[in-house]
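Written out below as C-alpha cells is the structure these notes cover.
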Amino acid sequence: KEKAEITKEQQAFMKVIVDSYNRHQIPQDVTKKLLQEQYSAEENFILLTEMATSQVQVLVEFTKNIPGFLSLDHEDQIALLKGSAVEAMFLRSAQVLSTKMPNGHTEVLEERIRNSGISEEFMTPMFNFYKSIGKLHMVQEEQALLTAVTILTPDRPFVKDHPAVERLQEPMLEVLRKLCALHHPREPQYFARLLGRLTELRTLNHYHTEMLTSWRMNDQKFTPLLCEIWDVQ
Ligand SMILES: O=C(NC1CCCCC1)[C@H](C1CCCCC1)n1c(-c2ccc(-c3nnn[nH]3)cc2)nc2ccccc21
C-alpha cells in the first residue's frame, strides 16, 4: 500500500519542482515565430541561439529550486548544469513539439524545423526522439521531474561527489515512479520507457557539436553563455 501512495512530503517536494518548472518556461514564442514564416538558415540559427540562451538561463533558475541542489559542491553544481544543458534543451524542444496545437500546426512546425538548416543526417535521430517523447503523453509533473532527474545525473563529466548527487536524484526517481503508476495505471512499463528516453537524450548530446557545425551556413555566432555551455568557439 504505502509503496504506491505519494506521501505528504513527496507531494510538497513535487509541488516545489513543478511550480518552479512552470514558472521557468521560456515563452512559446518560438512556435509562434516558426508558424509565421519559413526563415533562412542564418535567421533560424540566430533564433536557435536566442531560444537556447534564454532556456539555459531559466534552466539555472529551475535547478536552483531543486531541493538540496544549492548544498552541493559548487563545482559539481556547474558540472551538472553544463552536463545536462543540451539534453534539457532537446527535452524541452520535444515537449514544445508535443504540445497540443490547432489542426495542421504541428505539421507546419515540423516542416519548418526539417527545412531550418540542420543537416539531414541529424534530422532522423532528432525527430525519432521527438516522436518517442510525444508518444508518452507526459503530464506536466512528469515533464518537470524528468527534467530534474536529467539535471541530477551523477555520472556527468567532472562531477566529484557522485553519492551526493545520487542522494538528490533518488527521491526524485521515487516520486516519478509513483507519478507514472498514478497517471498511467494501465501501462506498468511506462516508468521504464520514460527512463529509456534519457538514454536516447544522451545520444543527441553526443551528436550536438557536429549538429551545430553542420548547419548549412558559415560564420556561426554564439552568445557568451552558449560558448560556455556548448563548448564552441
Ligand atoms: O528553437 C528551438 N528550440 C528551442 C525550444 C525551446 C527550448 C530551447 C530550444 C529549435 C528551432 C530553432 C529555429 C529553427 C527550427 C528549430 N527547435 C529545435 C532544435 C533544432 C535544432 C537544434 C540544434 N542543436 N544543434 N544544432 N541544431 C536544437 C533544437 N527542435 C525544436 C522542436 C520544437 C520547436 C523548436 C525546436
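Under a hydrophobic clustering in which Ile, Leu, Val, Met, Phe, Trp and Tyr are joined whenever their side-chain heavy atoms come within less than 4.5 Å, directly or via other members, Leu47 and Met126 fall into the same cluster. Tracing side-chain contacts under 4.5 Å through hydrophobic residues (I, L, V, M, F, W, Y), one reaches Tyr130 starting from Leu35; they form part of the same cluster. Grouping the Ile, Leu, Val, Met, Phe, Trp and Tyr side chains by contacts below 4.5 angstrom, directly or via other members, places Val149 apart from Val139. By the rule that hydrophobic residues join a cluster once side-chain heavy atoms approach within less than 4.5 Å of another member, Ile46 and Ile118 end up as members of separate clusters. Side-chain heavy atoms closer than 4.5 Å link hydrophobic residues (I, L, V, M, F, W, Y) into clusters, and following such links, possibly through other members, connects Leu201 to Leu173.
Between Arg202 and Thr153 there is a side-chain heavy-atom pair separated by less than 4.5 Å. Put simply, the side chain of Thr106 does not reach to within 4.5 Å of the side chain of Leu109, judged on heavy atoms. Between Asp19 and Arg23 there is a side-chain heavy-atom pair separated by less than 4.5 Å. A heavy-atom distance below 4.5 Å is found between the side chains of Leu80 and Val165. With a 4.5 Å cut-off on side-chain heavy atoms, Asp231 and Thr209 do not count as touching. Residues Thr203 and Pro125 are not in side-chain contact: their nearest non-hydrogen atoms beyond the backbone lie 4.5 Å or more apart. Between Val232 and Gln220 there is no side-chain heavy-atom pair separated by less than 4.5 Å. Taking the side chain as every heavy atom from C-beta outward, Asp219 and Lys221 approach each other to under 4.5 Å.
With Ser20 contributing its side chain and Val16 its backbone, the two residues share no donor-acceptor pair below 3.5 Å. A donor-acceptor pair is defined here as one N or O able to donate and one able to accept, closer than 3.5 Å; no such pair exists between the side chain of Glu141 and the backbone of Val18. Under a 3.5 Å cut-off, the side chain of Asn205 and the backbone N or O of Val86 do not form any donor-acceptor pair. A side-chain donor-acceptor contact under 3.5 Å links Gln38 to the backbone of Asn115. Here the side chain of Lys82 pairs a donor or acceptor atom with the backbone of Glu228 at under 3.5 angstrom. Tyr21 places no side-chain N or O within donor-acceptor distance of the main-chain N or O of Gln140, the cut-off being under 3.5 Å. Looking only at distances, no side-chain donor or acceptor of Glu87 sits under 3.5 Å from a matching main-chain atom of Ser84. Of the possible donor and acceptor atoms, none in the side chain of Asn44 sits under 3.5 Å from a partner among the backbone N and O of Gly117. A donor-acceptor pair under 3.5 Å links the side-chain atoms of Tyr190 to the main chain of Leu136, judged by distance alone. Of the possible donor and acceptor atoms, one in the side chain of Thr223 sits under 3.5 Å from a partner among the backbone N and O of Leu226.
Taking CD from Glu50 and OG from Ser54, the interatomic distance works out to 8.5 Å, rounded to the nearest 0.5 Å. Of the inter-residue distances, the one linking Phe158 atom CZ with Ile78 atom CD1 reads 13.0 Å to the nearest 0.5 angstrom. With rounding to the nearest 0.5 Å, the separation of CG in Leu48 from OG in Ser93 is 8.0 Å. Considering CG of Leu179 and CD of Glu174, their distance stands at 10.5 Å, rounded to 0.5 Å. Going from atom CG of Leu97 over to atom CZ of Phe129 covers 11.0 Å, rounded to the nearest 0.5 Å. A distance of 10.5 Å separates CG in Leu145 from OG1 in Thr150, rounded to the nearest 0.5 Å.
Considering all non-hydrogen atoms of both residues, Arg193 and Glu187 come closest at NH1-OE1, 2.9 Å. Closest of all the heavy-atom pairs between Ala144 and Phe62 is O-CZ, 3.7 Å. Residues Ser214 and Ser119 share a closest heavy-atom pair of OG-OG, 3.3 Å. Shown here for Met138 and Gln95, the closest heavy-atom pair between the two residues is CE-NE2, 4.2 Å. Here the shortest heavy-atom pairing between His183 and Glu142 reads CB-OE2, 3.8 Å. Taking all atoms of both residues into account, the shortest heavy-atom contact from Ala148 to Ile17 is CB-CG2, 4.4 Å.
Inspection of the Ser132 and Glu200 side chains reveals an N or O donor paired with an N or O acceptor under 3.5 Å.
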Under the criterion side-chain contact (heavy atoms from CB on, under 4.5 Å), I'd like the reasoning laid out for Leu59 against Met89: C-alpha separation, chi angles, the key distance, then a yes or no. CA-CA 9 Å; Leu59 187 77; Met89 175 186 69; over 6 Å; no
Apply side-chain contact (heavy atoms from CB on, under 4.5 Å) to Phe127 and Arg114, showing your working. CA-CA 9 Å; Phe127 273 96; Arg114 285 187 191 283; 3.6 Å; yes
side-chain contact (heavy atoms from CB on, under 4.5 Å) between Met172 and Ile66, worked out: CA-CA 10 Å; Met172 214 79 75; Ile66 296 176; 3.5 Å; yes
Please determine whether side-chain contact (heavy atoms from CB on, under 4.5 Å) holds for the pair Ile229 and Thr53, giving the CA-CA distance in whole Å, both sets of side-chain angles, and the decisive distance to 0.1 Å. CA-CA 9 Å; Ile229 286 278; Thr53 300; over 6 Å; no
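Environment of CD in Gln189: sparse, with no more than 12 heavy atoms of neighbouring residues, nucleotides or ligands closer than 6.0 Å. Counting heavy atoms of neighbouring residues, nucleotides and ligands inside a 6.0 Å radius, atom CZ of Phe222 exceeds 12 of them. Shown here is Lys15, whose NZ atom has no more than 12 heavy atoms of other residues, nucleotides or ligands within 6.0 Å. Dense packing is recorded around NE2 of His162, with more than 12 heavy atoms of other residues, nucleotides or ligands lying under 6.0 Å away.
In this structure, Glu110 pairs ionically with Lys131, as a charged nitrogen and a carboxylate oxygen lie closer than 4.0 Å.
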